[in-house]
Amino acid sequence: MDMNNIDNATTRRIAALQARVDTMKEHNYYFYNQPIEEILDGARVRVNGRIMGMYASYSYLGLVGHPRINEAAKKAVDQWGTGTNGVRTLAGTLTLHNELEETIANFKHTEAAITYTSGYVTNLTVISTLMGRGDYVFSDKINHASIVDGCLMSGAEFRRFRHNDMEHLEGLLKNAPADVAKLVIADSVFSMDGDIIDLPKIVEISKKYNAWLMIDEAHSVGVLGKKGTGIEEHFGIGDVIDIKMGTLSKTIPSVGGYVAAKKDMINYLRHGSRAYIFSAALPPAQAAAANEAFKVILDEPWRIERLNENTKQFIGGLKGMGFDTLLTETAIVPVLCVTDERAFELTKQCQERDVFVLPVVSPAVQEGMSRLRATVTAVHEPGEIERAMDVIYEAGKRMGMVK
Ligand SMILES: *Cc1c(COP(=O)(O)O)cnc(C)c1O
């Protein structure tokens with residue numbers, strides 16, 4: 001590589017990455033960054049001129065393109081234009097933002113909420129604002145990267161507990177000094193495995209050791225609970241999470257992130273978190289779309305029911321065929337392949353037969369845990385899911401993964 005002929009650790013890393021990507025491309029094993037040409041409905045897309053069943057989307061309730069949500073976004077553009085040209089603190093706040101935050105606070109049964117321009121940045125800024133040097137953060141081993149980055153950025157003592165292992169968490173809490181600020185953080189639904197955090201237990205332990213509890217609901221809003229309001233509804237327990245974090249880019253077909261919490265906490269974040277103070281406000285169309293989407297979830301509970309039925313069919317079917325789907329109970333369904341090579345080959349064979357799934361390999365998951373990470377939504381038809389599973393099964397059989 002000729003980068004001013006500089007030879008240092010970074011240029012060597014760039015060359016190594018390029019070599020890895022080139023090798024994948026040579027084997028037709030490169031599936032990332034493929035442009036979607038058209039979204040036909042939530043369940044089907046056109047890629048490379050071919051119509052494929054979409055089994056890699058986070059649009060769990062199929063809300064992308066929903067008429068009410070599109071209409072709200074268009075109206076917002078007509079009324080407010082396309083940008084906010086300011087940070088929230090200085091001229092960037094529209095009545096729309098306040099409405100959205102009120103909607104979120106109501107949806108999450110808390111006093112108040114604050115929004116940011118992405119879920120990633122929400123975790124980064126919120127964790128690093130609340131925690132600092134000398135404090136302690138306790139994070140599940142397979143928490144989302146944005147949580148890990150927020151913990152590192154905070155400068156706090158960083159303790160990781162084994163995945164969903166409450167005894168290990170308690171041991172770590174016990175060993176921490178009694179008088180420091182403590183924060184326990186976990187995903188509600190784990191984004192690569194689809195399993196659910198033991199909320200009742202993590203609440204109990206956090207309380208016992210005087211730690212705040214923060215839960216990332218990226219994959220549980222619109223997914224868990226009869227009404228789709230998330231993990232507290234799922235376990236039938238009231239307002240027990242101190243910091244309820246979520247994203248506006250998954251079930252909610254927009255972009256952005258939020259935290260819902262007590263008034264004092266939100267007020268502190270509004271005046272202390274740097275991503276709020278130093279980065280522009282959400283654009284009007286996205287704020288309006290998100291606001292409407294929360295209302296659609298409550299107005300159309302049939303979507304949650306359909307999602308639950310489809311999830312059951314998908315997990316039950318794949319398990320019955322002999323695949324290892326780990327401990328998933330939700331719409332995120334890992335199909336364990338173990339090696340990168342097998343994950344790529346299974347993906348290739350599925351995509352060749354118009355089932356759009358994607359592989360997840362290290363470092364996104366632990367080495368030896370490479371997988372297909374498939375998702376279902378409320379708008380897939382049972383017959384389509386059946387066909388997708390047949391395609392995965394036949395490929396898995398050819399590869400000797402199942403009998
Ligand atoms: C996707 C995701 C995020 C980041 O959200 P964005 O809005 O995409 O930035 C944070 N946490 C979890 C668990 C996620 O899955």
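Since this is a predicted model, take the numbers as computed values, not measurements. Counting starts at 1 for both ligands and their atoms, in listed order.
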message = When you measure from the centre of the six-membered ring of Tyr30, is the NZ or CZ of Lys25 closer than 6.0 Å and no more than 45° off the axis?
response =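 Output yes; distance and angle both within limits.
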At a 4.0 Å threshold, what atoms of ligand 1 neighbour a non-hydrogen atom of [X]?
X	value
Ser249	6 (P), 7 (O), 8 (O)
Ser146	10 (C), 11 (N)
His219	14 (C), 15 (O)
Gly119	4 (C), 5 (O), 6 (P), 7 (O), 9 (O)
Gly256	7 (O)

Could you find the nearest protein heavy atom to [atom] and give me its residue, atom name and distance?
atom	answer
atom 1 (C) of ligand 1	Lys250 NZ, 1.4 Å
atom 13 (C) of ligand 1	Asp216 OD2, 3.2 Å
atom 4 (C) of ligand 1	Tyr120 N, 3.5 Å

Using a plain distance cutoff, I'd like to know if [X] has any nitrogen or oxygen under 3.5 Å from a nitrogen or oxygen of ligand 1.
X	value
Ser191	no
Asp187	no
Met245	no

Are [X] and [Y] within salt-bridge range, i.e. N to O under 4.0 Å?
X	Y	answer
Arg303	Glu300	yes
Glu167	Arg162	no
Lys244	Asp239	yes
Lys208	Glu170	yes

message = Restricting to ring pair (Phe, Tyr, Trp, His ring centres under 6.0 Å), what partner residues turn up for His163, sequence neighbours left out?
response =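 Counting only residues at least two positions away or on another chain, His163 forms a ring pair (Phe, Tyr, Trp, His ring centres under 6.0 Å) with Phe190.
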message = Tell me which one of Arg44, Arg50, Arg46 satisfies salt bridge (Lys or Arg N to Asp or Glu O under 4.0 Å) with Glu37.
response =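 For Glu37, the salt bridge (Lys or Arg N to Asp or Glu O under 4.0 Å) test succeeds with only one of Arg44, Arg50, Arg46, which is Arg46.
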ask   = Is Asp140 reaching over with its side chain to a backbone N or O of Asn164, donor-acceptor style, under 3.5 angstrom?
value = yes
